[in-house]
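For reference, the structure is listed below as C-alpha cells.
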Amino acid sequence: MLDRLQELKEEALKKVEAAESVKELKDIRIAYLGKKGPVTEVLKGMGKLTAEERPKVGQMANEVRAAVAVSIEEKEQKLEEAALAEKLRAESIDVTLPGRPTVKGARHPLTSVIETIEDIFIGMGFTVAEGPEVETDYYNFESLNLPKHHPSRDMQDTFFITSDLLLRTQTSPVQTRTMEKHEGKGPVKIICPGKVYRRDEDDATHSHQFMQIEGLLVDEGIRMSDLKGIFEQFVKRYFGEDREIRLRPSYFPFTEPSAELDVSCAICGGSGCRTCKQTGWIEVLGSGMVHPNVLRMGGFDPEKYTGFAFGMGVERFAMLKYGIDDIRHFYTNDTRFLSQFHRV
Ligand code: 2U9
C-alpha cells in the first residue's frame with residue numbers, strides 16, 4: 001500500500017509539473033484528492049491492515065495529499081503570475097506612438113450663415129427672437145394683413161395640419177407675437193431666424209423646408225431711409241465693402257410701400273453676366289414699411305409708430321456667398337459637401 005501511495009504521489013506531481021492551465025490543475029486536484037480519487041480508494045482498504053501498519057499508511061496518505069496539494073498551489077501561483085505578466089505585456093502602452101487623429105465635426109453652412117447674419121444685426125442693436133414652427137392661421141396669415149380669401153394667400157402653398165393649424169410659411173408670426181408682448185410700446189428691434197415650410201416641389205432652387213431670417217424695427221419716427229441705412233451696413237458686412245445696393249419697388253400685403261433689395265453682382269462687377277442675368281444686380285431680400293393694419297393688429301398705434309420689416313432666405317445667402325448651385329445640398333447630409341465648411 002505504501003508503494004501504491006508513493007506511485008500515486010509521483011504520478012500526480014508529474015502531472016502537476018506538466019499542467020499548462022488552472023483548469024488542468026483543478027482536474028488533477030479532483031482526480032487525485034477528490035472523494036472518488038485513488039488516495040481515498042487506498043484509505044478505504046485500510047481495514048484489512050494490521051494495527052501496526054495502519055498509522056504508517058495513514059501518515060503516508062496524509063503526506064501524499066499534502067505534497068500534491070502544495071504542488072498544485074505552487075503551480076497555480078506560477079501560472080497566474082505568468083498570465084499576469086503576459087497581460088501586462090499585451091496591454092503595455094507605447095507613449096511615444098503618435099496619437100490617432102479624431103474626426104471633428106463642423107458647423108452646418110446654414111448655421112454659420114445664420115450666426116454671421118445674427119452677429120451683424122446684434123452689432124446694430126437688434127436682438128434675436130424665436131417662435132413656434134406650428135402656427136395658427138391668425139399669426140401666419142390674418143395678423144399679417146392676409147384675411148381669409150385674400151388672393152395673396154394663394155401665393156404660398158401651405159402645409160395645413162387642421163383648418164386652423166399649419167406649418168409656418170414664414171417667420172413673420174414671431175414678429176407679431178413679439179409686438180403683442182411689447183403692449184404697444186416701442187422700440188421693437190428684432191431678427192427672427194428659423195425653419196419655414198412651403199408645399200413646393202423640391203428642385204435646385206426650391207425646398208419644401210428652408211431657413212429664413214426676418215427682421216422688424218418699430219419705433220417712433222422710423223422711415224424708409226432707416227431701412228436703407230441698415231441694409232447698406234448689412235450688405236457691406238456680409239458680402240464685402242465694395243458691394244453697392246439698390247431698392248426696387250415691390251408688393252407684399254404686410255408692407256406698404258414695399259421694396260426688393262438688390263446687391264451689385266460680384267462676379268461681373270456690374271457689367272452683366274449669367275449669375276445676375278445680365279442686369280449687374282442680384283436680388284437678395286424683400287422689405288418694406290410695416291402696413292398700418294399689421295402694426296394695429298400687433299397692438300401698436302400706427303399714428304404714433306412706424307416700422308420697417310424684411311425677409312430673406314438663408315439658403316440663397318449661403319449659395320451666393322459660397323457659389324453653391326443646388327439648394328438640396330444643404331439637406332442631403334453628404335459629408336463631402338459639409339466637410340468643405342470646416343473653417344467657415
Ligand atoms: C411683420 C411685418 C412685416 C416680412 C417681410 C419679406 C418682405 C420678403 C421673402 C424673402 C425671401 C420670404 O424667404 S423668402 O421667400 N420675404 O420678401 N418679408 S417683408 O414682413 C413682415 C413680417 C412681420 C409683423
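Whatever order the structure lists ligands and atoms in, that order sets their numbers, starting from 1.
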Ring pair (Phe, Tyr, Trp, His ring centres under 6.0 Å) partner of Y322, chosen from F317, F341, F337: F341
R199 atom CZ, over 12 foreign heavy atoms within 6.0 Å: no
Contact check, S287 vs ligand 1, heavy-atom distance below 4.0 Å: yes
Donor-acceptor contact below 3.5 Å, side chain D200 vs main chain D202: no
Where ligand 1 meets M179 - atom numbers and elements under 4.0 angstrom, heavy-atom basis: 24 (C)
Subset of ligand 1 atoms that lie under 4.0 Å from at least one heavy atom of V294: 2 (C), 24 (C)
Lys/Arg cation over aromatic Y139: R177, 6.0 Å, 45° cone: yes
Option nearest atom 15 (O) of ligand 1 (shortest heavy-atom distance, choices R198, E260, M312): R198
Identity and distance of the protein heavy atom lying nearest atom 1 (C) of ligand 1: L144 CD2, 3.6 Å
Side chain to side chain donor-acceptor pair (under 3.5 Å) between R65 and N62, intermediate numbers included: CA-CA 5 Å; R65 276 179 178 283; N62 283 340; 4.7 Å; no
Region of F210 engaging ligand 1 - heavy atom pairs below 4.0 Å: side chain
Sub-4.0 Å heavy-atom contact, L285 with ligand 1: no
Smallest separation among heavy atoms of L110 and A318, with atom names: CD2-CB, 4.2 Å
Minimum-distance protein heavy atom relative to atom 4 (C) of ligand 1: E214 OE1, 3.5 Å
Top protein contact for atom 11 (C) of ligand 1, by heavy-atom distance: G313 N, 4.0 Å
K321 to F239, cation-pi by 6.0 Å centre distance and 45° axis angle: no
Check: F231 ring centre within less than 6.0 Å of Y238 ring centre: no
Nearest protein heavy atom with distance in Å, relative to atom 21 (C) of ligand 1: A309 CB, 3.4 Å
Contact atoms of ligand 1, heavy-atom distance to Q212 under 4.0 Å: 12 (C), 13 (O), 14 (S)
Heavy atom of the protein closest to atom 10 (C) of ligand 1 (residue, atom name, distance): G311 O, 3.1 Å
Y251 backbone acceptor or donor facing S258 side chain under 3.5 Å: no
Nearest protein heavy atom with distance in Å, relative to atom 19 (S) of ligand 1: F254 CE1, 3.7 Å
